Amino acid sequence: MAVAKSTRGNVKVDRPLSPHLQIYSPLINMVMSILHRMTGAALYFGSLLLAWWLIAAATGPSYFNYVNGLLGSLPGRIVLLGFTWALVHHALGGIRHFIWDTGRGYDLKTIDAMSWGSIILSVLLTALIWAAALWLK
Amino acid sequence: MSTNSTMRTPLKNVRRLGSAKEGADHFWKQRVTGVANLVLAVFLIWLLVTLVGADHAKVKSTLASPLVSLPLLLLIGSAMVHMRLGMQTIIEDYVHGEGTKIVCLMLNTFFAIIVGAASVFAVMRLTLGA
Ligand code: HEM
(Lines give C-alpha, C1' and ligand atoms only; values in the text may rest on other atoms or scores of the structure.)
Protein backbone atom coordinates (compact mmCIF):
# COMPACT_ATOMS: atom_id res chain seq x y z
CA MET A 1 0.00 0.00 0.00
CA ALA A 2 1.16 3.49 -0.77
CA VAL A 3 2.23 5.43 2.26
CA ALA A 4 2.09 9.17 2.77
CA LYS A 5 5.07 10.86 4.33
CA SER A 6 3.08 13.59 5.94
CA THR A 7 4.13 15.94 8.65
CA ARG A 8 1.74 17.08 11.32
CA GLY A 9 3.20 19.66 13.63
CA ASN A 10 6.52 18.25 14.80
CA VAL A 11 5.59 14.62 14.21
CA LYS A 12 6.29 12.65 11.02
CA VAL A 13 3.58 10.10 10.35
CA ASP A 14 3.55 7.22 7.85
CA ARG A 15 -0.06 6.81 7.00
CA PRO A 16 -1.84 4.81 4.30
CA LEU A 17 -2.73 6.86 1.24
CA SER A 18 -6.19 6.73 -0.29
CA PRO A 19 -6.47 6.30 -4.07
CA HIS A 20 -5.56 9.55 -5.80
CA LEU A 21 -6.88 11.38 -8.85
CA GLN A 22 -5.31 9.20 -11.54
CA ILE A 23 -7.04 6.11 -10.12
CA TYR A 24 -10.51 7.35 -11.03
CA SER A 25 -11.93 7.50 -14.54
CA PRO A 26 -13.09 11.02 -15.34
CA LEU A 27 -16.80 11.45 -14.71
CA ILE A 28 -18.87 14.50 -15.52
CA ASN A 29 -19.30 15.46 -11.86
CA MET A 30 -15.53 15.45 -11.40
CA VAL A 31 -15.04 17.56 -14.54
CA MET A 32 -17.64 20.04 -13.24
CA SER A 33 -15.94 20.27 -9.87
CA ILE A 34 -12.63 21.06 -11.56
CA LEU A 35 -14.30 23.55 -13.90
CA HIS A 36 -15.90 25.35 -10.96
CA ARG A 37 -12.48 25.75 -9.43
CA MET A 38 -10.84 26.76 -12.71
CA THR A 39 -13.51 29.33 -13.56
CA GLY A 40 -13.32 30.68 -9.99
CA ALA A 41 -9.57 31.13 -10.37
CA ALA A 42 -10.00 32.67 -13.83
CA LEU A 43 -12.52 35.17 -12.43
CA TYR A 44 -10.07 35.93 -9.62
CA PHE A 45 -7.53 37.21 -12.14
CA GLY A 46 -10.31 38.51 -14.38
CA SER A 47 -11.14 41.00 -11.61
CA LEU A 48 -7.99 42.82 -12.76
CA LEU A 49 -9.69 43.39 -16.11
CA LEU A 50 -12.73 45.06 -14.56
CA ALA A 51 -10.50 47.16 -12.30
CA TRP A 52 -8.39 48.21 -15.29
CA TRP A 53 -11.44 49.19 -17.33
CA LEU A 54 -12.90 51.21 -14.43
CA ILE A 55 -9.58 52.96 -13.86
CA ALA A 56 -9.39 53.75 -17.57
CA ALA A 57 -12.88 55.27 -17.46
CA ALA A 58 -11.91 57.32 -14.40
CA THR A 59 -8.65 58.47 -16.01
CA GLY A 60 -10.03 60.18 -19.09
CA PRO A 61 -11.12 59.85 -22.74
CA SER A 62 -7.76 59.17 -24.39
CA TYR A 63 -6.64 56.39 -22.04
CA PHE A 64 -10.19 54.98 -22.02
CA ASN A 65 -10.20 54.82 -25.83
CA TYR A 66 -6.82 53.10 -25.80
CA VAL A 67 -8.01 50.43 -23.34
CA ASN A 68 -11.31 50.02 -25.15
CA GLY A 69 -9.38 49.50 -28.38
CA LEU A 70 -7.32 46.74 -26.80
CA LEU A 71 -10.40 45.05 -25.33
CA GLY A 72 -12.22 45.37 -28.65
CA SER A 73 -9.38 43.82 -30.69
CA LEU A 74 -9.61 40.15 -31.63
CA PRO A 75 -7.39 38.87 -28.79
CA GLY A 76 -9.25 41.21 -26.42
CA ARG A 77 -12.58 39.84 -27.53
CA ILE A 78 -11.41 36.26 -27.09
CA VAL A 79 -10.37 37.05 -23.51
CA LEU A 80 -13.71 38.77 -22.84
CA LEU A 81 -15.61 35.85 -24.36
CA GLY A 82 -13.73 33.51 -22.03
CA PHE A 83 -14.46 35.83 -19.11
CA THR A 84 -18.19 35.82 -19.94
CA TRP A 85 -18.32 32.04 -20.17
CA ALA A 86 -16.32 31.62 -16.96
CA LEU A 87 -18.67 33.97 -15.09
CA VAL A 88 -21.82 32.26 -16.39
CA HIS A 89 -20.46 28.76 -15.81
CA HIS A 90 -19.24 29.59 -12.31
CA ALA A 91 -22.58 31.24 -11.46
CA LEU A 92 -24.45 28.10 -12.58
CA GLY A 93 -21.99 26.00 -10.58
CA GLY A 94 -22.74 28.22 -7.58
CA ILE A 95 -26.47 27.58 -8.00
CA ARG A 96 -25.71 23.84 -8.07
CA HIS A 97 -23.81 24.22 -4.82
CA PHE A 98 -26.74 26.11 -3.26
CA ILE A 99 -29.09 23.25 -4.23
CA TRP A 100 -26.69 20.73 -2.67
CA ASP A 101 -26.49 22.91 0.45
CA THR A 102 -30.19 22.28 1.05
CA GLY A 103 -29.39 18.56 1.15
CA ARG A 104 -31.02 17.88 -2.21
CA GLY A 105 -29.73 16.65 -5.54
CA TYR A 106 -27.14 14.11 -4.45
CA ASP A 107 -28.30 11.10 -6.46
CA LEU A 108 -26.12 10.38 -9.48
CA LYS A 109 -28.91 10.89 -12.00
CA THR A 110 -29.62 14.41 -10.74
CA ILE A 111 -25.92 15.24 -10.57
CA ASP A 112 -25.43 14.10 -14.18
CA ALA A 113 -28.48 16.05 -15.34
CA MET A 114 -27.40 19.22 -13.51
CA SER A 115 -23.85 18.86 -14.84
CA TRP A 116 -24.83 18.53 -18.49
CA GLY A 117 -27.54 21.15 -17.98
CA SER A 118 -24.98 23.67 -16.68
CA ILE A 119 -22.58 23.05 -19.55
CA ILE A 120 -25.26 23.50 -22.19
CA LEU A 121 -26.88 26.45 -20.42
CA SER A 122 -23.52 28.18 -19.89
CA VAL A 123 -22.79 28.05 -23.63
CA LEU A 124 -26.31 29.18 -24.54
CA LEU A 125 -26.33 32.08 -22.06
CA THR A 126 -22.87 33.20 -23.17
CA ALA A 127 -24.04 33.20 -26.80
CA LEU A 128 -27.18 35.10 -25.80
CA ILE A 129 -25.22 37.76 -23.90
CA TRP A 130 -22.88 38.32 -26.85
CA ALA A 131 -25.73 38.37 -29.32
CA ALA A 132 -27.46 41.02 -27.18
CA ALA A 133 -24.26 43.06 -26.89
CA LEU A 134 -23.54 43.00 -30.61
CA TRP A 135 -27.16 43.68 -31.48
CA LEU A 136 -27.50 46.67 -29.10
CA LYS A 137 -24.21 48.16 -30.25
CA MET B 1 11.30 15.96 15.09
CA SER B 2 10.20 12.46 15.96
CA THR B 3 8.99 9.76 13.58
CA ASN B 4 6.31 7.24 14.42
CA SER B 5 4.44 4.62 12.44
CA THR B 6 1.16 4.80 14.28
CA MET B 7 -1.97 6.57 13.21
CA ARG B 8 -1.55 9.01 16.05
CA THR B 9 -1.31 12.68 15.17
CA PRO B 10 -1.06 15.84 17.28
CA LEU B 11 -4.87 15.82 17.18
CA LYS B 12 -4.69 14.26 20.62
CA ASN B 13 -3.33 17.55 21.92
CA VAL B 14 -6.49 19.43 21.07
CA ARG B 15 -9.03 16.75 21.90
CA ARG B 16 -11.62 17.85 24.48
CA LEU B 17 -10.56 21.49 24.14
CA GLY B 18 -13.72 22.16 22.16
CA SER B 19 -13.94 23.70 18.70
CA ALA B 20 -12.62 27.12 17.78
CA LYS B 21 -16.24 28.01 16.93
CA GLU B 22 -15.17 29.29 13.54
CA GLY B 23 -15.57 26.17 11.45
CA ALA B 24 -18.62 27.32 9.51
CA ASP B 25 -17.52 30.93 9.14
CA HIS B 26 -15.58 30.53 5.90
CA PHE B 27 -18.26 28.32 4.38
CA TRP B 28 -21.05 30.70 5.33
CA LYS B 29 -19.32 33.85 4.04
CA GLN B 30 -18.60 32.05 0.78
CA ARG B 31 -22.33 31.30 0.43
CA VAL B 32 -23.57 34.79 1.41
CA THR B 33 -21.17 36.50 -0.99
CA GLY B 34 -21.98 33.85 -3.62
CA VAL B 35 -25.68 34.73 -3.46
CA ALA B 36 -24.86 38.45 -3.58
CA ASN B 37 -22.53 37.85 -6.54
CA LEU B 38 -25.27 36.01 -8.37
CA VAL B 39 -27.61 39.01 -8.25
CA LEU B 40 -24.85 41.56 -8.85
CA ALA B 41 -23.27 39.59 -11.71
CA VAL B 42 -26.58 39.76 -13.58
CA PHE B 43 -26.45 43.52 -13.06
CA LEU B 44 -22.81 43.70 -14.25
CA ILE B 45 -23.54 41.73 -17.41
CA TRP B 46 -26.54 43.95 -18.16
CA LEU B 47 -24.40 47.07 -17.57
CA LEU B 48 -21.54 45.91 -19.79
CA VAL B 49 -23.87 44.72 -22.56
CA THR B 50 -25.49 48.16 -22.69
CA LEU B 51 -22.07 49.86 -22.69
CA VAL B 52 -20.47 47.88 -25.52
CA GLY B 53 -19.27 50.37 -28.10
CA ALA B 54 -20.12 53.36 -25.92
CA ASP B 55 -17.72 56.33 -25.94
CA HIS B 56 -16.09 57.78 -22.82
CA ALA B 57 -18.76 60.44 -22.24
CA LYS B 58 -21.54 57.83 -22.26
CA VAL B 59 -19.65 55.49 -19.92
CA LYS B 60 -18.83 58.35 -17.59
CA SER B 61 -22.39 59.65 -17.38
CA THR B 62 -23.75 56.10 -16.90
CA LEU B 63 -21.34 55.36 -14.05
CA ALA B 64 -22.07 58.76 -12.53
CA SER B 65 -25.55 57.61 -11.60
CA PRO B 66 -25.84 56.25 -8.04
CA LEU B 67 -28.22 53.61 -9.37
CA VAL B 68 -25.26 52.23 -11.32
CA SER B 69 -22.32 53.08 -9.08
CA LEU B 70 -23.93 51.77 -5.89
CA PRO B 71 -24.57 48.22 -7.16
CA LEU B 72 -21.13 48.34 -8.77
CA LEU B 73 -19.54 49.17 -5.41
CA LEU B 74 -21.53 46.38 -3.75
CA LEU B 75 -20.37 43.95 -6.43
CA ILE B 76 -16.74 44.94 -5.92
CA GLY B 77 -17.05 44.46 -2.15
CA SER B 78 -18.85 41.13 -2.37
CA ALA B 79 -16.65 39.73 -5.13
CA MET B 80 -13.41 40.67 -3.35
CA VAL B 81 -14.46 38.91 -0.11
CA HIS B 82 -15.73 35.93 -2.11
CA MET B 83 -12.69 35.50 -4.32
CA ARG B 84 -10.29 35.90 -1.40
CA LEU B 85 -12.07 33.11 0.50
CA GLY B 86 -12.21 30.96 -2.63
CA MET B 87 -8.52 31.38 -3.41
CA GLN B 88 -7.70 30.67 0.24
CA THR B 89 -9.32 27.23 -0.15
CA ILE B 90 -7.37 26.59 -3.34
CA ILE B 91 -4.08 27.60 -1.68
CA GLU B 92 -4.78 25.44 1.37
CA ASP B 93 -5.50 22.49 -0.92
CA TYR B 94 -2.34 22.71 -3.01
CA VAL B 95 0.35 24.56 -1.05
CA HIS B 96 1.66 22.42 1.75
CA GLY B 97 4.91 24.03 2.86
CA GLU B 98 4.07 26.05 5.97
CA GLY B 99 6.13 29.11 4.97
CA THR B 100 5.03 29.20 1.34
CA LYS B 101 1.44 28.76 2.40
CA ILE B 102 1.55 31.73 4.74
CA VAL B 103 3.16 33.88 2.06
CA CYS B 104 0.55 32.80 -0.51
CA LEU B 105 -2.31 33.52 1.89
CA MET B 106 -0.88 36.98 2.56
CA LEU B 107 -0.45 37.73 -1.14
CA ASN B 108 -4.04 36.54 -1.68
CA THR B 109 -5.30 39.04 0.88
CA PHE B 110 -3.17 41.85 -0.54
CA PHE B 111 -4.37 41.08 -4.08
CA ALA B 112 -8.05 41.23 -3.10
CA ILE B 113 -7.62 44.45 -1.11
CA ILE B 114 -5.56 46.21 -3.79
CA VAL B 115 -7.83 45.25 -6.70
CA GLY B 116 -10.88 46.13 -4.58
CA ALA B 117 -9.50 49.48 -3.42
CA ALA B 118 -8.40 50.47 -6.93
CA SER B 119 -11.83 49.57 -8.38
CA VAL B 120 -13.71 51.39 -5.61
CA PHE B 121 -11.47 54.42 -6.07
CA ALA B 122 -12.19 54.51 -9.82
CA VAL B 123 -15.96 54.22 -9.32
CA MET B 124 -15.96 56.89 -6.60
CA ARG B 125 -14.01 59.21 -8.83
CA LEU B 126 -16.47 58.67 -11.68
CA THR B 127 -19.55 59.05 -9.54
CA LEU B 128 -18.44 61.96 -7.36
CA GLY B 129 -16.91 63.74 -10.32
CA ALA B 130 -13.28 64.74 -10.75
C1 HEM C 1 -21.70 34.92 -10.14
C2 HEM C 1 -22.07 34.47 -8.99
C3 HEM C 1 -21.23 33.56 -8.15
C4 HEM C 1 -21.70 32.51 -7.44
C5 HEM C 1 -23.16 32.08 -7.33
C6 HEM C 1 -20.57 31.86 -6.80
C7 HEM C 1 -20.67 30.78 -5.94
C8 HEM C 1 -19.60 30.10 -5.40
C9 HEM C 1 -19.67 29.03 -4.44
C10 HEM C 1 -20.96 28.45 -3.84
C11 HEM C 1 -18.41 28.62 -4.17
C12 HEM C 1 -17.99 27.54 -3.19
C13 HEM C 1 -17.77 26.24 -3.86
C14 HEM C 1 -17.34 25.18 -2.86
O15 HEM C 1 -17.67 25.29 -1.66
O16 HEM C 1 -16.65 24.23 -3.28
C17 HEM C 1 -17.52 29.44 -4.97
C18 HEM C 1 -16.15 29.30 -5.00
C19 HEM C 1 -15.28 30.20 -5.60
N20 HEM C 1 -15.63 31.36 -6.26
FE21 HEM C 1 -17.52 31.92 -6.71
N22 HEM C 1 -19.42 32.53 -7.13
C23 HEM C 1 -19.78 33.58 -7.95
C24 HEM C 1 -18.92 34.52 -8.49
C25 HEM C 1 -17.55 34.54 -8.32
C26 HEM C 1 -16.66 35.58 -8.77
C27 HEM C 1 -17.11 36.87 -9.49
C28 HEM C 1 -15.39 35.21 -8.44
C29 HEM C 1 -14.06 35.92 -8.64
C30 HEM C 1 -13.91 37.20 -8.78
C31 HEM C 1 -15.47 33.93 -7.79
C32 HEM C 1 -14.39 33.20 -7.32
C33 HEM C 1 -14.47 31.99 -6.66
C34 HEM C 1 -13.33 31.19 -6.27
C35 HEM C 1 -11.86 31.53 -6.49
C36 HEM C 1 -13.86 30.06 -5.62
C37 HEM C 1 -13.07 28.88 -5.02
C38 HEM C 1 -13.17 27.70 -5.93
C39 HEM C 1 -12.81 26.40 -5.25
O40 HEM C 1 -12.64 26.35 -4.03
O41 HEM C 1 -12.72 25.40 -5.96
N42 HEM C 1 -16.80 33.56 -7.72
N43 HEM C 1 -18.26 30.34 -5.71
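Because only heavy atoms are used, hydrogens play no part in the values below, and waters and symmetry mates are left out as well, while side chains stay in. Every chain is numbered from 1 and lettered A, B, ... according to where its sequence line falls, protein lines coming before strand lines. Given the structure is predicted, the values throughout are model-derived calculations rather than measurements.
Contact annotation for His97(A): both backbone and side-chain heavy atoms come within less than 4.5 Å of a heavy atom of chain B. With a threshold of 4.5 angstrom between heavy atoms, Trp53(A) approaches chain B through side-chain atoms but not through N, CA, C or O. If you measure heavy-atom distances from Asp55(B) to chain A, the contacts under 4.5 Å come from the backbone alone. Of the two parts of Ala118(B), the backbone and the side chain both hold a non-hydrogen atom closer than 4.5 Å to a non-hydrogen atom of chain A. Residue contact with chain A, scored on non-hydrogen atoms closer than 4.5 Å, is absent for Phe121(B). When heavy atoms are compared at a cutoff of 4.5 Å, Leu38(B) approaches chain A solely by way of its side chain, counted from C-beta outward. Proximity to chain A (any heavy atom under 4.5 Å) is restricted, for Met80(B), to the side chain, taken from C-beta onward. Heavy atoms closer than 4.5 Å to chain B are found nowhere in Leu71(A), neither backbone nor side chain. With a 4.5 Å cut-off on non-hydrogen atoms, Leu51(B) touches chain A through its side chain but not through its backbone. With a 4.5 Å cut-off on non-hydrogen atoms, Leu136(A) touches chain B through its side chain but not through its backbone. Only the side chain of His82(B) comes within contact range of chain A, with heavy atoms under 4.5 Å apart. For Ala54(B), the part lying near chain A is the backbone, with the side chain staying farther off; criterion is any non-hydrogen pair under 4.5 Å. For Asn108(B), the parts sitting under 4.5 Å from any heavy atom of chain A are the backbone and the side chain alike.
Residue Phe43(B) qualifies as enclosed at atom CZ: its count of foreign heavy atoms under 6.0 Å is above 12. For Met124(B), the CE atom counts as loosely surrounded, since its 6.0 Å shell holds 12 or fewer non-hydrogen atoms of other residues, nucleotides or ligands. By the neighbour-count criterion of 12 heavy atoms within 6.0 Å, atom CH2 of Trp100(A) is densely surrounded, having more than that number from other residues, nucleotides or ligands. Within a 6.0 Å sphere centred on NZ of Lys29(B), heavy atoms belonging to other residues, nucleotides or ligands number 12 at most. Remark: Leu108(A) CG is loosely packed, at most 12 non-hydrogen atoms of other residues, nucleotides or ligands lying under 6.0 Å away.
The choice from Val52(B), Thr89(B), Val123(B) that makes the most heavy-atom pairs within less than 4.5 Å of chain A is Val52(B). The residue among Val35(B), Ile45(B), Leu44(B), Ile90(B) with the most heavy atom pairs within less than 4.5 Å of chain A is Ile90(B). Ranking Ala41(A), Gly60(A), Gly94(A) against chain B, the residue ahead of the rest is Gly60(A), based on heavy-atom pairs under 4.5 Å. When each of Gly40(A), Ala51(A), Ser47(A) is scored by its heavy-atom pairs under 4.5 Å with chain B, the top score falls to Ser47(A).
What you find for Arg37(A) and Tyr94(B) is that their closest heavy atoms are NH1-OH, 3.1 Å.
At least one donor-acceptor pair under 3.5 Å links the side chain of His56(B) to the backbone N or O of Ala57(A).
Under the 4.5 Å side-chain contact rule for hydrophobic residues, Trp46(B) and Leu75(B) share a cluster. The hydrophobic clustering, which links ILVMFWY residues whose side-chain heavy atoms are closer than 4.5 Å, places Leu49(A) and Leu70(A) together. One hydrophobic cluster holds both Leu126(B) and Tyr63(A) under the rule that ILVMFWY side chains link at heavy-atom gaps under 4.5 Å. The hydrophobic clustering, which links ILVMFWY residues whose side-chain heavy atoms are closer than 4.5 Å, places Leu80(A) and Phe45(A) together. Two different hydrophobic clusters hold Met114(A) and Ile120(A) under the rule that ILVMFWY side chains link at heavy-atom gaps under 4.5 Å.
Residues Leu48(B) and Phe83(A) fail the side-chain proximity criterion, which asks for heavy atoms closer than 4.5 Å. In this structure, Leu54(A) and Leu72(B) have side chains that are in contact, with non-hydrogen atoms separated by less than 4.5 Å. Looking at heavy atoms from C-beta onward, Phe27(B) lies in side-chain contact with Asp101(A) at the 4.5 angstrom threshold. In this structure the side chain of Val115(B) never reaches within 4.5 angstrom of the side chain of Leu50(A), judged on heavy atoms.
Counting side-chain heavy-atom gaps under 4.5 Å among Ile, Leu, Val, Met, Phe, Trp and Tyr, Ile55(A) is found in no cluster with other residues.
Residues of residues 61-70 of chain B having a heavy atom under 4.5 Å from any heavy atom of chain A, listed by number: Leu63(B).
Annotation: the span from Arg84(B) atom CZ to Tyr44(A) atom OH amounts to 9.0 Å, rounded to 0.5 Å.
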